[in-house]
Protein chains: 2
Amino acid sequence: MPSPGPEMEIVHLLRAVTVELGLHSARFAQRNAMHPTDVRALIALMDASRAGEERTAGRLGAELGLNSAGTTSLLDRMERAGHVRRVRGREDRRKVVVEVDERAVELGQAFFGPLIGRAVELLQGYDEGERAAIRGFLAGVRDAAAEEV
Amino acid sequence: MPSPGPEMEIVHLLRAVTVELGLHSARFAQRNAMHPTDVRALIALMDASRAGEERTAGRLGAELGLNSAGTTSLLDRMERAGHVRRVRGREDRRKVVVEVDERAVELGQAFFGPLIGRAVELLQGYDEGERAAIRGFLAGVRDAAAEEV
DNA sequence: ATCGAGTATCTTGCTGAGCGAGATAATACG
DNA sequence: CGTATTATCTCGCTCAGCAAGATACTCGAT
């Protein structure tokens, strides 16, 4: 066990943040009768839509680490709940393009918006040098986690 | 949709970090034939042990959001894998104190240690003012996520 | 001392997310 | 056209976690 230098406080803080954000997502899921995977799917779809991209069933499943059967059942579930629509691809009619329902987007924004707003507010309280430190630390941890074998 | 100021980059970075850390945990889980819940349990137990506290079955289940049946099956699973031991409470013999096996602790430290070390390293590259900004931002987000209704 | 209420854990039976294997349907290429 | 490839869906299954109830222990009151 390494002697706990002052850096460890921040490491634990980062873990606390990920735990709280996870719980926050779980609250959103439970409140809207969704499963964690459904929330991840919704977020992935909203990300894609913001980037102006389409998401097919298969691509979405791959992003979430599901196989084709699991993806089908995820889409069945979310379509049944009215959160997404299946639309056959126009070019390639084997594909199924997944469209997010407008109300699901609003639901997500209403829930996560305040938290995001609060984070932006916090960040505005720092000068550019401080923000650069925050940015650098987060990018560093992200890369370290992604690179670890 | 708010216009994406320079703060949003950091918000997305934070989300990327939580995603990557989640995937990292999942790799640990898969590599050791554990479920995500088992990893959360292991971490909770190690935290408790570091704080010099005992964890009973019920208390652990409550921390993980499981009911008593789920807790029993979690412990069955982890005991079968040799990661924990059940020990009847001495004072109150209804209780079951969960002890983490030394090898499970080492497994966890070996896996998460390098990442933690890298984070500490990154933090040492900042001066105290920058570290204070990182600390403040993380604490602020943690509190915001915890307080959101 | 023992009875009853309260508490901790385990047992039983079930639901449903996600997997593997294979079916079905559309496209691509000879 | 026919064969290979790709995208999705169907079927049958496993197993995590739930609800309800059983079991075992503690503690206060009488």
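In the text below, chain A, chain B and the rest are named by the order of the sequence lines, each starting its count at 1. Note that the coordinates shown come from a computational prediction; the quantities given were computed from them, not determined experimentally.
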Counting only heavy atoms and a strict 4.0 angstrom limit, can you tell me which residues of residues 70-86 of chain A come near DNA chain D?
A/Thr72, A/Arg86
Under 4.0 Å, counting only non-hydrogen atoms across every strand here, what does B/Ala57 touch: a base, just sugar-phosphate, or nothing?
sugar-phosphate
Measure the acute angle between the ring planes of B/Phe111 and B/Phe28, then classify it against the limits of 30° and 60° as parallel, tilted or perpendicular.
tilted
In whole angstroms, the gap separating P of C/dA8 from CZ of B/Arg59 amounts to 12 Å
Measure from the side chain of B/Ser68, starting at C-beta and using heavy atoms only, and say which of D/dA19, C/dC10, C/dA8 lies closest.
C/dC10
Does the side chain of B/Arg131 reach to within under 4.5 Å of the side chain of B/Arg135, using non-hydrogen atoms?
yes
Test side chain to side chain contact (heavy atoms under 4.5 Å, CB included) applied to B/Thr18 and A/Leu138, A/Thr18, A/Val19, A/Leu14, the passing residue:
A/Thr18
Residue pair B/Ala57 / B/Thr71: nearest heavy atoms and the distance that separates them:
O-CG2, 3.3 Å
Between B/Arg77 and B/His35, is there a side-chain heavy-atom distance shorter than 4.5 Å?
yes
Every protein N/O within reach of nucleotides 25-30 of chain C N/O, cut-off under 3.5 Å:
from, atom 1, to, atom 2, distance (Å)
C/dT27, OP1, A/Arg93, N, 3.2

From NE2 of B/His35 over to P of D/dT14, roughly how many Å is that when rounded to an integer?
15 Å
For A/Glu53, what residues pass the salt bridge (charged side-chain N to carboxylate O under 4.0 Å, His left out) criterion, not counting sequence neighbours?
A/Arg55
Between D/dC9, C/dT9, C/dG18, spot the one nearest the side chain of A/Thr37, thanks.
C/dG18
Identify which nucleotide among C/dT9, D/dA20, C/dC19 has an atom closest to any side-chain atom of B/Ala69, counting heavy atoms from C-beta outward.
D/dA20
Find the distance B/Leu60:CG to D/dG17:C1' and express it as a whole number of Å.
14 Å
Within the structure shown, what part of the strands sits under 4.0 Å from A/Gly65 by heavy-atom distance: base, sugar-phosphate, or nothing?
sugar-phosphate
Just the rounded figure in Å: distance from P of D/dC9 to CG of A/Leu66.
13 Å
A/Lys95 NZ - D/dC9 C1' separation (whole Å)
17 Å
Please report the interatomic distance CG(A/Leu66) to OG1(A/Thr37), rounded to the nearest 0.5 Å.
6.0 Å
Donor-acceptor pair under 3.5 Å, A/Asn67 side chain vs C/dG20 base:
yes
Whole angstrom value for the distance that separates P of D/dG17 from CG of B/Leu64
9 Å
Contact check, side chains of A/Glu130 and B/Glu130, non-hydrogen atoms, under 4.5 Å
no
Given A/Glu79 and A/Arg85, is the salt bridge (charged side-chain N to carboxylate O under 4.0 Å, His left out) satisfied, shown in steps?
CA-CA 6 Å; A/Glu79 195 168 44; A/Arg85 284 179 301 278; over 6 Å; no
Take the protein atom CZ of B/Arg55 and the nucleotide atom P of C/dT9, then report the distance between them rounded to whole Å.
12 Å
